[in-house]
Number of protein chains: 2
Amino acid sequence: MPADQPRFQPLYEQIRQRIVERIASGEWQADAMLPSEWELAAEFAVSQGTARKALNDLTRDGWLYRRQGRGTFVAPGESEWGEGKLVSPGHFAELADPMQPELLSVARVPSGEDVARALQLRRGAMLHHVRQVWRQRGVTLAVDEILLPVERFADLDSRRLRLAGGGLYALLERQYAVRIRPLHVQYRGVLADREVRTLLAAEPDEPLLSMVRLGGTVEGEPVEWRQRLLRSARWSWQTRI
Amino acid sequence: MPADQPRFQPLYEQIRQRIVERIASGEWQADAMLPSEWELAAEFAVSQGTARKALNDLTRDGWLYRRQGRGTFVAPGESEWGEGKLVSPGHFAELADPMQPELLSVARVPSGEDVARALQLRRGAMLHHVRQVWRQRGVTLAVDEILLPVERFADLDSRRLRLAGGGLYALLERQYAVRIRPLHVQYRGVLADREVRTLLAAEPDEPLLSMVRLGGTVEGEPVEWRQRLLRSARWSWQTRI
DNA sequence: CAGTGGTCTAGACCACCTG
DNA sequence: AGGTGGTCTAGACCACTGG
């Protein structure tokens, strides 16, 4: 079900899209400085105020950052699922050491019904199935299970992922010009099955935090289904609002 | 530690504050229509564009809502902790029936160290301790434990809470002119202790979703510490991003 | 100092809603 | 038709950064 096209497209919206295209195409790399408001206004043949609105909207959505007196710059995208940090339960400022991702495996699997619906695919459509663990000082704290449509991300394999380094999202942005943002996150408390228990070296009755996340493009098209299971005895997962 | 005062205070920021004051004071009630941009601009002796910026900022922060062709209105605050909904795990659109809160008890307890620090109180400062359960079609799905500084919310008792109806936040807004917004949320998977297990009629090894939330005023001052324990076998807690 | 983003103004016109 | 918010312009000046 495609979204309704608005009958009226403001100028700043068109400018916004043209700037996004240039970032996605790599013409403007991460942390590169954009032309000034006045130069952009001249190039797009609009007033400075209109260019400004486009730039501020893009800043709000995480595409750019601006510094008074310095300029406007391309914001580097999240290289991995990052919005959230580990903290001591009940405390709100005591951060844990960060976790490091480690790729376990990449395979192709047919889509189940739930995931197919979430990703708006036909049932049985092929998916990349990525397994990844997160370690903190040698201790495995979390497991990720990532599902991506093969159709959209052809040629994705273990070698490419390993070579890429710098996280899955960084690779997708470079290779496929797709920037992924979270659409929904679901939280549950769960017990691990045998496989996950082994990976995490967890006790049979140790409760885990399950986070199921649907990631999508800027346009809102869902392209990533992901579950993270986190050992939350020692650390909470904290999100800013 | 008080926040730094900015040396320069834009006009729209001052206007913003004056509008917030009128809402907090009750002069403009929920869903009341504000004067038009031009009228406000005239009253505050600024241009329409400046009044507009203040109004749009307030809209972004949830104080107002605007409808083209109709007007600008006071947004009713959340009457309870609401940002999040129950959905079927792994599905992203299938909402459960909503839960209904039910007050269990109100007491006064001295603050422990963690909560005192989170609420920026001295240790041992008195707190209102509110217990509340959430039911869905007769089944208890969640328990809340709410801690509020007595110093700030005097005269809060069970009778008042019961009489008020419409949720805790609605009461705080009416009675104390405080609008609470979330500052942080922490998620964990946990097992219930005996007391909670009894309240929820949960199995001993049933994993629960623990959400610890720090709520604060619009100015960022923390005033509410809350933990919610949710039976998440059947339902996930989903947040929009 | 020059260059950037940030604020503010006055005015015009457009899109949308309601009666 | 009249009133609302939404867009857009041209121009001025301010605050901040860095060389």
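Each chain gets a letter, A, B and so on, in the order the sequences are listed, and its residues count up from 1. These numbers were taken from a predicted model, which means no experiment stands behind them.
Between the CG atom of A:D57 and the C1' atom of D:dT7 there is a distance of 12 Å, given to the nearest Å. B:F73 has its CZ atom 11 Å from the C1' atom of C:dT18, to the nearest Å. Summarising the geometry, the separation between NZ on A:K53 and P on C:dG6 is reported as 14 Å, rounded to the nearest angstrom. The CZ-C1' distance, from A:R66 to C:dT7, rounds to 13 Å in whole Å. Rounded to whole Å, atom P of C:dG11 lies 8 Å from atom CH2 of B:W38. Spacing between atom CG of B:L40 and atom C1' of D:dG5 amounts to 12 Å, rounded to whole angstrom units. Rounded to an integer number of Å, the gap from B:E37 CD to C:dC14 C1' is 14 Å. The separation between A:R70 atom CZ and D:dC16 atom C1' is 11 Å, rounded to whole Å.
Remark on DNA chain D: of its neighbouring residues A:G69 and A:Q14, the 5'-side contact belongs to A:Q14, judged by nearest-heavy-atom nucleotide. Ranked by how close their nearest DNA chain D nucleotide is to the 5' end, A:S47 and B:G71 are led by B:G71. The nearest heavy atom of DNA chain C to A:R52 and to B:Q48 marks one nucleotide each, and the one closer to the 5' end goes with A:R52.
Not one side-chain nitrogen or oxygen of A:T50 sits closer than 4.0 Å to the OP1 or OP2 atom of D:dT7. In terms of phosphate contacts, A:T72 brings no side-chain nitrogen or oxygen within less than 4.0 Å of OP1 or OP2 of C:dT4. Side-chain N/O atoms of B:R67 include none lying less than 4.0 angstrom from OP1 or OP2 on C:dC16.
The side chain of A:P10 lies closest to D:dT7, out of D:dC16, D:dT4, D:dT7. Taking the side chain of B:V46 as heavy atoms from C-beta on, and the options D:dG5, C:dG6, C:dT9, the nearest nucleotide is C:dT9. Here the side chain of A:Y12 is nearest to one of D:dT7, D:dG5, C:dC8, namely D:dT7.
Of the charged side-chain nitrogens involved, at least one lies within less than 4.0 Å of a carboxylate oxygen, so that A:R66 and A:E37 count as a salt-bridged pair. B:R213 and B:E224 are joined by a salt bridge, as a carboxylate oxygen and a charged side-chain nitrogen come within less than 4.0 angstrom of each other. Salt bridge present: B:D61 and B:R16 bring a charged side-chain N and a carboxylate O closer than 4.0 Å.
Shown here is A:R60, whose CZ atom has more than 12 heavy atoms of other residues, nucleotides or ligands within 6.0 Å.
The backbone N or O of A:L34 lies less than 3.5 Å from no partner atom in the side chain of A:T72, so there is not a single donor-acceptor pair.
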